[in-house]
Asks: 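Below are the structure tokens for one structure; questions will follow.
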Amino acid sequence: MNWKRALLAPAIAVPVIALFGWGLTRDPGYIESPLPGRPAPGFALEVFAPGTAPLARPAGDSIHLDSLRGRIVVVNFWASWCLGCRDEHEDLTRTALAYADRPVSFVGVLYMDQQPAALKWIGEMGGQSYPSVDDPRSRMAIDYGLYGVPETFILDAQGVVAHKQTGPISAAVLTRVVDSLLAVPTGAK
Amino acid sequence: MITRRRVMICAMVALVAPAVTMAQHVRTDSADRAARGAAMPRSSAQLDSIRADSVLEARTTRLAVQLRCAVCQGISIQESPSSLAREMREVVKDQLRAGRSDAEVKAYFVSKYGEWILLAPTARGFNLVLYVLPALLLIGGLVGIAVVVRRWTSAPAP
């Protein structure tokens, strides 16, 4: 009778401890996005930061996602008040330039910010090679299920979300994902 | 001592004065509004549109309390003062105005944020555990207590 009772405690405690242990290995802030694997929500927003040659688009132009079909699109949500955006800025701007002659487009999307502050930030950061659009009422952000900034979505040539990055993205991840998408034969032009 | 008291009085006046002027603003505002309301006869079309607005507002609120604010900790977009929550609430209202059903609006948010966006998980599949387990535990506990109590009361002390 006693050995039964002695077994009871570990029989209850071990699964509970195992469950907590498993919980500790998980990031409670991480929420799986339903977007990867699905067609990216369309957008048509106005450029406010033109970027630099050869990737520049004049301010006031509107960028339609539809017009980028056939190209790999890197959509990066950012804001001048966002610290993580400072970490990834150089990687994004450099990687965008590196793919300037490939069918790859980079688009910055301003999130909950004022254009003058954003333009000043770009100046402080030493420029942004690709154009940024403004999303004044956050409709695009909500369409993309945004939790915060920075977040980056990489769309394949068919306009399907291939990768979602929460938090700063590195040149290594950008290059790996973009290269793998460029390698898909149907993705080329 | 006197100077200290004077400073105290000045500080109190500085604190109270804006509150008084603000209260006055509020009073004139509401008086204005009452006067305007009385002076403006309302047509039935206007009344209809006001009624439609309040229905839309009520539907928006009813949905907004069920949707999680994406940038907050466990509160709805109805309760959150954050700008993203405000915009999400506007999206709810826009979609309802466009004739979407409550279920369609919820489905839109689930398709963007996953089921996480719903404050109450749908009672389907694995989620059923959440709804059934508490009841099972309660029944199990009651049965356990009943068994123990019966044993305590029926068995004679050795």
Side-chain angles (χ1 to χ4, degrees), chain A residues 1 5 8 12 15-16 19 26-43 45 65 75 77-85 109-114 117-118 134-151 153 155 160-161 164 166-167, chain B residues 60 63-64 66-78 80-98 100 104-119 121-122 124-127 129-130 133 137 140-141 144 147-148 151 155 158:
Chain A
M1 192 63 197
R5 201 167 281 180
L8 192 66
I12 293 171
V16 170
L19 188 68
R26 293 166 57 88
D27 174 9
Y30 175 77
I31 300 133
E32 208 170 328
S33 167
L35 264 86
R38 290 204 202 162
F43 61 86
L45 292 170
L65 180 60
V75 178
F77 288 89
W78 67 279
S80 68
W81 45 263
C82 144
L83 283 177
C85 302
V109 183
L110 189 64
Y111 171 73
M112 298 264 175
D113 204 350
Q114 304 291 321
D134 195 4
D135 180 23
R137 294 173 69 212
S138 301
R139 291 302 184 269
M140 177 176 173
I142 296 170
D143 258 350
Y144 276 75
L146 208 75
Y147 297 110
V149 274
E151 273 186 27
F153 296 82
L155 323 181
V160 172
V161 179
K164 180 197 172 181
T166 308
Chain B
T60 305
L63 272 173
Q66 300 175 52
L67 295 170
R68 192 187 295 272
C69 161
V71 292
C72 318
Q73 297 292 329
I75 62 172
S76 74
I77 60 171
Q78 176 67 26
S80 167
S82 78
S83 13
L84 184 64
R86 203 175 54 222
E87 294 301 344
M88 287 170 80
R89 209 173 167 280
E90 283 302 311
V91 170
V92 171
K93 201 193 278 183
D94 286 351
Q95 296 198 354
L96 288 177
R97 199 181 283 128
R100 292 214 192 175
E104 281 168 339
V105 175
K106 276 207 232 174
Y108 165 80
F109 281 97
V110 170
S111 76
K112 301 305 179 188
Y113 286 94
E115 208 170 274
W116 171 88
I117 202 75
L118 301 175
L119 279 165
T122 48
R124 204 178 329 116
F126 182 71
N127 288 351
V129 172
L130 282 174
L133 197 62
L137 287 177
V147 166
V148 169
R151 194 178 299 163

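So you know, we letter chains A, B, ... as the sequences are listed, proteins then strands, and number each from 1.
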Asks: For V129(B), check side-chain contact (heavy atoms from CB on, under 4.5 Å) against everything at least two apart and list the hits.
Replies: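 V129(B): side-chain contact (heavy atoms from CB on, under 4.5 Å) contacts with F126(B), L133(B).
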Asks: Would you give the length of the straight line joining atom CG of L84(B) to atom CD1 of I77(B), rounded to the nearest 0.5 angstrom?
Replies: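 Going from the CG atom of L84(B) to the CD1 atom of I77(B) covers 9.0 Å.
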Asks: Calculate, to the nearest 0.5 Å, the distance between atoms CG and CE belonging to L63(B) and M88(B) respectively.
Replies: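 Rounded to the nearest 0.5 Å, the CG-CE separation comes out at 12.0 Å.
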Asks: Which residues pass the side-chain contact (heavy atoms from CB on, under 4.5 Å) test with V161(A), sequence neighbours left out?
Replies: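 Partners of V161(A) by the side-chain contact (heavy atoms from CB on, under 4.5 Å) criterion, ordered by chain and then number, come out as L35(A), P36(A), A40(A), F153(A), L155(A).
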Asks: At a cut-off of 3.5 Å, what donor and acceptor atoms pair up between chain B and chain A?
Replies:
| from | atom 1 | to | atom 2 | distance (Å) |
| --- | --- | --- | --- | --- |
| E87(B) | OE1 | R139(A) | NH1 | 2.9 |
| D94(B) | OD2 | R139(A) | NH2 | 3.2 |
| Y108(B) | OH | D143(A) | OD1 | 2.5 |
| S111(B) | O | R38(A) | NH1 | 3.3 |
| K112(B) | NZ | D143(A) | O | 3.3 |
| Y113(B) | O | Y147(A) | OH | 3.3 |
| Y113(B) | OH | L146(A) | N | 3.2 |
| Y113(B) | OH | L146(A) | O | 2.8 |

Asks: Would you compute the distance between atom CZ of F109(B) and atom CD1 of I117(B) and round it to the nearest 0.5 angstrom?
Replies: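 Rounded to the nearest 0.5 Å, the CZ-CD1 separation comes out at 7.0 Å.
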Asks: Quick check: closest heavy atoms across P121(B) and L130(B), and the distance to 0.1 Å?
Replies: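 Distance-wise, the nearest heavy atoms are CG-CD1, 3.6 Å.
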